[in-house]
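Heads up, the thing below is written out as structure tokens.
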Amino acid sequence: DFSEAKFIEVYNSDLANTIGNCFSRVTNMIQRYFGGKLPPADRDADSEPRAAAATTANRVEQTLSTLLVGEACRAAIAYVQQVDSYIEKTQPFKLAKDPAKLPQVGSILYHCAEALRIASLLLWPIMPGKAEELWRRLGCGEYAAALANHGQGNYQHWRQWGLLEPGTPILTGDPLFPRYEAK
């Protein structure tokens, strides 16, 4: 079944509000608190996004291998929703008011950016253009060049946690998914 109203609802909910807003929040906070450079973090520290990364990747891979594309999308989007929940739980925007807590803020934002990088890898087969734009803004645009070679790349390596390098320029810009309004 297809209806324009349902399409708009899902687009705005899953893409604009979930992926787009989460990415915008993370990149804007990195811009505001760290001058647009990915902050350093204890990359070995546990965090909710890190704990869920491998499980989510395995689930998406399994559902894609059985051609359950809708399930794969839901799993990747649910992972981004977990990142949003992590932001609400840790409240880096409040912690940043205390300069002594900036290292903690940096760690939170690093984990969020890394989780969004992994989520974008999982979503690349479904929406390659937007995933590649996200990679470009996170400073890992080389993924797109590697995948342009008939979809070849080092996915098993890329899905590992901790590959974003502190100090990498993180770009803000227009919304990845502008809200859609029916005409």
Side-chain angles (χ1 to χ4, degrees), residues 14-54 56-57 60-61 73 76-77 79-87 90 92-93 95-96 101-178:
D14 291 350
L15 301 180
N17 294 346
T18 299
I19 298 170
N21 279 352
C22 186
F23 184 71
S24 180
R25 288 176 81 187
V26 170
T27 58
N28 285 333
M29 284 190 279
I30 290 171
Q31 182 67 42
R32 184 175 308 125
Y33 307 134
F34 300 96
K37 305 257 189 213
L38 186 66
D42 179 357
R43 292 192 266 182
D44 296 325
D46 286 331
S47 70
E48 291 172 25
R50 181 185 177 141
T56 302
V60 168
E61 291 163 20
C73 288
I77 290 169
Y79 183 49
V80 176
Q81 290 168 333
Q82 289 176 339
V83 174
D84 253 341
S85 294
Y86 179 68
I87 292 169
T90 58
F93 44 88
L95 293 173
K101 294 188 177 178
L102 279 179
Q104 184 180 358
V105 172
S107 191
I108 291 166
L109 294 177
Y110 178 90
H111 287 275
C112 292
E114 185 65 9
L116 289 169
R117 180 189 67 81
I118 290 172
S120 70
L121 286 170
L122 303 176
L123 290 166
W124 180 81
I126 295 122
M127 49 184 202
K130 292 297 182 175
E132 290 169 14
E133 175 63 15
L134 195 144
W135 299 339
R136 186 184 69 75
R137 292 186 191 184
L138 285 179
C140 51
E142 71 275 4
Y143 295 0
L147 290 167
N149 181 22
H150 304 291
Q152 301 299 308
N154 195 348
Y155 171 76
Q156 291 303 320
H157 173 70
W158 294 342
R159 69 170 262 187
Q160 293 176 20
W161 188 266
L163 297 182
L164 286 177
E165 287 298 322
T168 299
I170 303 297
L171 305 176
T172 57
D174 292 336
L176 285 174
F177 299 98

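All heavy atoms count here, side chains included; hydrogens, waters and symmetry mates do not.
With values rounded to the nearest 0.5 angstrom, R137 atom CZ is found 6.5 Å from D174 atom CG. The distance from the OG1 atom of T168 to the NZ atom of K37 is 8.5 Å, given to the nearest 0.5 Å. Between the SG atom in C140 and the CG atom in L38 there is a gap of 10.0 Å [rounded to 0.5 Å]. Atom CZ of residue F23 and atom CZ of residue F177 lie 10.5 Å apart, to the nearest 0.5 angstrom. Distance check: T56 OG1 to R159 CZ gives 9.5 Å after rounding to the nearest 0.5 Å. Between atom CG of residue L109 and atom CD of residue Q31 there is a gap of 12.0 Å, rounded to the nearest 0.5 Å.
Looking only at side-chain heavy atoms (C-beta outward), D84 and R25 come within less than 4.5 Å of each other. Contact annotation: the side chain of I77 approaches that of I19 to within less than 4.5 Å [non-hydrogen atoms, C-beta and beyond]. A 4.5 Å side-chain heavy-atom check between L95 and I108 finds at least one atom pair inside the cut-off. Using a 4.5 Å cut-off on side-chain heavy atoms (C-beta onward), E114 and L163 make contact. Between V26 and I87, some side-chain heavy-atom pair lies under the 4.5 Å cut-off.
Scanning all heavy atoms of the two residues, the minimum distance from A41 to S107 falls at CB-CA, 3.5 Å. Residues L164 and L138 share a closest heavy-atom pair of CD2-O, 3.7 Å. Pairing each heavy atom of S47 with each of W161, the nearest pair is OG-CZ2, 4.4 Å. When every heavy atom of L116 is checked against every heavy atom of C22, the shortest pair comes out as CD2-SG, 4.0 Å. For V83 against A115, the heavy-atom pair with the smallest separation is CG2-CB, 3.5 Å. Heavy-atom minimum distance, S120 versus W135: OG-NE1, 2.6 Å.
Shown are C112, P92, P169, P39; of these, the side-chain contact (heavy atoms from CB on, under 4.5 Å) with I30 is made only by P39. Only one option out of N28, N21, T27 pairs with S24 in a side-chain hydrogen bond (donor to acceptor under 3.5 Å, both in side chains); it is N28.
Between H111 and Y86, the ring planes lie perpendicular to each other; the angle is over 60°, past the 30° to 60° tilted range.
The pair E133-K130 fails the salt-bridge criterion, with no side-chain N (NZ, NE, NH1 or NH2) lying under 4.0 Å from an Asp/Glu carboxylate O.
Without hydrogens or angle criteria, Y79 side chain to A57 main chain gives no donor-acceptor distance under 3.5 Å. Using a distance-only test at 3.5 Å, with no hydrogens or angles considered, a donor-acceptor pair links the side chain of R117 to the main chain of W158.
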I'd like to know whether W124 forms a side-chain hydrogen bond (donor to acceptor under 3.5 Å, both in side chains) with E132, so could you lay out the CA-CA distance, the side-chain angles of the two residues, the decisive distance to 0.1 Å, and finally the verdict.
CA-CA 8 Å; W124 180 81; E132 290 169 14; 2.9 Å; yes
